[in-house]
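Here's the structure, in C-alpha cells; my notes come after.
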Amino acid sequence: MWEIYKKEFIELARDKRTLIFTILLPTFIMPVLFGGVIFISAKMVKKAQEEVLTYTIINEQHLPELAEIIAKEDKFKRLEIENEANIKELIQNEKLKFAIVFSEGMKANLQEGKQVSFELHFNNASVTNRIYQRVKKIVNEYSEEHQKALLKELNLSEEQFSGLTKPIIVNEVNTADKREDFGEKFGGFLPYILLIITLTGAMYPALDLGVGEKERGTLETLLLTPISRTRVVLAKFWVIFTTGFLSVFMTLLSLIIWGIVFGQVMAFEAMKKLSGLIDFGDVLLMFVMLTPVAAIFASLLLCASIYAKNFKEAQNYMSPIMMFSFVPIIFSLLPGVKLDATWAWVPITNVALAIKELLKGTIDYGMMGIIFLSTTILAGILLYFSILWFNRESVLFRS
C-alpha cells in the first residue's frame, strides 16, 4: 500500500498543476491576494477621504453661518446651480458630489433652542464613500459651538446640560479579556479560510487519482498488481489527505512568515495580533481538529472521482460538493450558534466552532473528543463507499 502511496505522491509532486494548487497558491498567491485586496481597499478609503468634493447649498439664507464654515473646508469646492430639481441628475453625472438643502426657519429655531434638520443629497452606493462622514464632522463641530453659546445664554454649565439630556449613563464593562474579544471577531473568519483551503487543496489530486486514472488508461494496469483493491483505495486516500492537509499547513505557515516579514502592513495586523494572544499548543490543537475534516474531504472527493465515468462528470460533482461543504461552515457563523453537546455532533460545523473557541481560549476540551469521534465516523463511512465502489466493475468501468 505504501509503495502505491509513494508512487502516486511522487507523480503528483511532479505535476505542475499540483504544485500550483498545493504549494504556490496557499504559500504565495493567497497571501498576496489577501494582502493586496486589503491594501488597495485602504488606499481607496484614503483617496475618498482626501478627494475634493464639489457641492452646492440650496436656501443658504436660512443658515448662512454653517454655509460659510463648509465653504472654508479645503477639500470642498462649491458650485452654483440654477434649479434645485437638477440635484439628482447632477449627482448621478458626478458633476456634484453632494448637495445641502436648508429648511426654512432653521436659524430662528436654533436661536430658540429647538432642534433643526437639513437634507444631504449624495450617492451612497459606493462602499468607500466618505461624504456623509466628512460633512457630519463639520456639522458636529458647528453644533458643539452653538451648544456652548446656547448654554452660556441660558446660564447652564455643560454638566447641567448633560444631566438634563442624559440623566443616567450606562458604562459598559467588558468582562471578556483581549483574547476572547479578538477570538469572537476573528474566530469565525479563520475556520472558513482553513476549511475551504483544505477542500480545494484535495480537489485536484482526487480528480487525478480517480477519474484521471480511467482517462489515462492506467487504472487497468494498477488493478493487475498483486495488491488488494482496498489497499489501493487506502493509498489514494492517504495521498489526497496529505495534499489537503499540506495545503492548509502551508497557508498558515506562509501567513505567519509574511506577517513577520511585513508586520507593519495592514493585511497582516490581524495575524500579528493573533500570534500575541495564542500559544503553540492552541495552534497544534487546531491542526488536530482539521485532521478528521481533511479525511472527510479526501474520502468524499475520492468517492465522487471513482464514481464519475469521465473528467467532465467528476468536475460537475465538485460544485455541489463545495456548496454542501459551505453550508456547515455558514452555520458556525450564525449568531447564537455555540459549541455545545448538540453542535459537537454536526460534522464540519463542530470543527469551525471548536477553532473559534480555541482562538477565544474558552474551549471545552471534553467536546473535542465528541468532535473528533463524529468527524472520524463520517470520514470512515465515506471511505467505506470509496472502497465499495472501487471493488465494483460496474462502477469503475461504467459507460
Side-chain angles (χ1 to χ4, degrees), residues 32-151 153 161 165-166 185-186 188-189 192 264-270 330 333-335:
V32 170
L33 287 176
F34 180 66
V37 168
I38 298 179
F39 180 75
I40 292 172
S41 299
K43 285 286 187 181
M44 291 178 67
V45 170
K46 186 177 180 180
K47 182 181 177 182
Q49 291 173 339
E50 297 177 352
E51 180 186 8
V52 175
L53 303 179
T54 54
Y55 76 99
T56 191
I57 297 180
I58 307 298
N59 301 328
E60 178 185 351
Q61 69 275 13
H62 295 312
L63 195 58
E65 294 86 357
L66 180 55
E68 186 178 344
I69 293 172
I70 294 173
K72 292 178 181 179
E73 182 67 24
D74 291 338
K75 302 293 184 178
F76 286 3
K77 180 181 179 181
R78 182 167 178 175
L79 297 178
E80 299 295 339
I81 64 171
E82 297 179 358
N83 192 350
E84 181 182 343
N86 295 332
I87 288 177
K88 185 176 181 180
E89 182 182 347
L90 291 170
I91 292 176
Q92 286 178 338
N93 295 334
E94 296 189 352
K95 292 181 179 179
L96 279 179
K97 288 297 182 179
F98 70 90
I100 292 174
V101 181
F102 288 149
S103 56
E104 188 177 352
M106 285 184 67
K107 185 174 182 179
N109 288 331
L110 278 175
Q111 289 174 346
E112 293 175 10
K114 295 179 182 179
Q115 189 179 63
V116 298
S117 64
F118 65 86
E119 295 178 354
L120 176 63
H121 298 252
F122 67 104
N123 188 338
N124 198 29
S126 174
V127 177
T128 58
N129 193 308
R130 291 294 180 272
I131 294 174
Y132 177 78
Q133 290 84 349
R134 291 171 66 176
V135 174
K136 191 173 186 295
K137 181 182 177 182
I138 297 172
V139 175
N140 286 343
E141 291 174 357
Y142 174 78
S143 297
E144 288 176 6
E145 291 299 321
H146 174 73
Q147 186 183 87
K148 289 177 183 178
L150 193 62
L151 291 175
E153 185 180 331
F161 176 75
T165 56
K166 296 179 181 178
K185 297 169 183 174
F186 187 69
F189 175 72
Y192 181 86
Q264 300 304 316
V265 180
M266 184 184 296
F268 299 100
E269 282 300 312
I330 292 172
L333 300 174
L334 296 176

Check your understanding: Could you walk me through whether Y142 and E65 pass the side chain to side chain contact (heavy atoms under 4.5 Å, CB included) check?
Key -> CA-CA 9 Å; Y142 174 78; E65 294 86 357; 4.0 Å; yes

Exercise for review: Start with the C-alpha distance between K137 and R134, add both sets of side-chain angles, then the distance that settles side chain to side chain contact (heavy atoms under 4.5 Å, CB included), and finish with yes or no.
Suggested key: CA-CA 5 Å; K137 181 182 177 182; R134 291 171 66 176; 5.9 Å; no

Check your understanding: Taking only residues two or more places apart in sequence, or in another chain, which ones meet F118 in a ring-ring contact (aromatic ring centres under 6.0 Å, His included)?
Key ->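 F118: ring-ring contact (aromatic ring centres under 6.0 Å, His included) contacts with F102.
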
For the [atom1] atom of [X] and the [atom2] atom of [Y], what is their distance to the nearest 0.5 Å?
X	Y	atom1	atom2	value
I138	S143	CD1	OG	11.5 Å
N123	I131	CG	CD1	7.5 Å
Q147	L110	CD	CG	11.5 Å
T54	R78	OG1	CZ	12.5 Å
L63	I69	CG	CD1	8.5 Å
K136	R130	NZ	CZ	14.0 Å

Review point. Do H121 and E119 have side-chain atoms, one donor and one acceptor, less than 3.5 Å apart?
Key: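 A donor-acceptor contact under 3.5 Å links the two side chains.
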
Check your understanding: By side-chain contact (heavy atoms from CB on, under 4.5 Å), which residues pair with Q61, not counting sequence neighbours?
Key -> N59

Would you give me the side-chain donor-acceptor pairs under 3.5 Å for residues 89-99, sequence neighbours excluded?
residue : atom : partner : partner atom : Å
N93     : ND2  : E89     : O            : 3.2
K97     : NZ   : E51     : OE2          : 3.3

Testing the basics here: between [X] and [Y], what is the closest heavy-atom pair and its distance to 0.1 Å?
X	Y	answer
H146	Q111	CE1-N, 4.4 Å
S117	S103	O-OG, 3.1 Å
L120	F122	O-CD2, 3.6 Å
E60	A67	CG-CB, 3.5 Å

Exercise for review: For T56 and I100, indicate whether the former's side chain and the latter's backbone hold a donor-acceptor pair under 3.5 Å.
Suggested key: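 It does not hold such a pair.
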
Review point. Would you say E112 has more than 12 foreign heavy atoms packed within less than 6.0 Å of its CD?
Key: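 More than 12 within 6.0 Å, yes.
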
Review point. Any Lys/Arg nitrogen of K75 or E73 sitting under 4.0 Å from an Asp/Glu carboxylate oxygen of the other?
Key: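 Not counted as a salt bridge, because no side-chain N and carboxylate O are separated by less than 4.0 Å.
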
Exercise for review: Could you walk me through whether D74 and V52 pass the side chain to side chain contact (heavy atoms under 4.5 Å, CB included) test, one step at a time?
Suggested key: CA-CA 8 Å; D74 291 338; V52 175; over 6 Å; no

Review point. Are I57 and V101 close enough that some pair of their side-chain heavy atoms sits under 4.5 Å apart?
Key: no

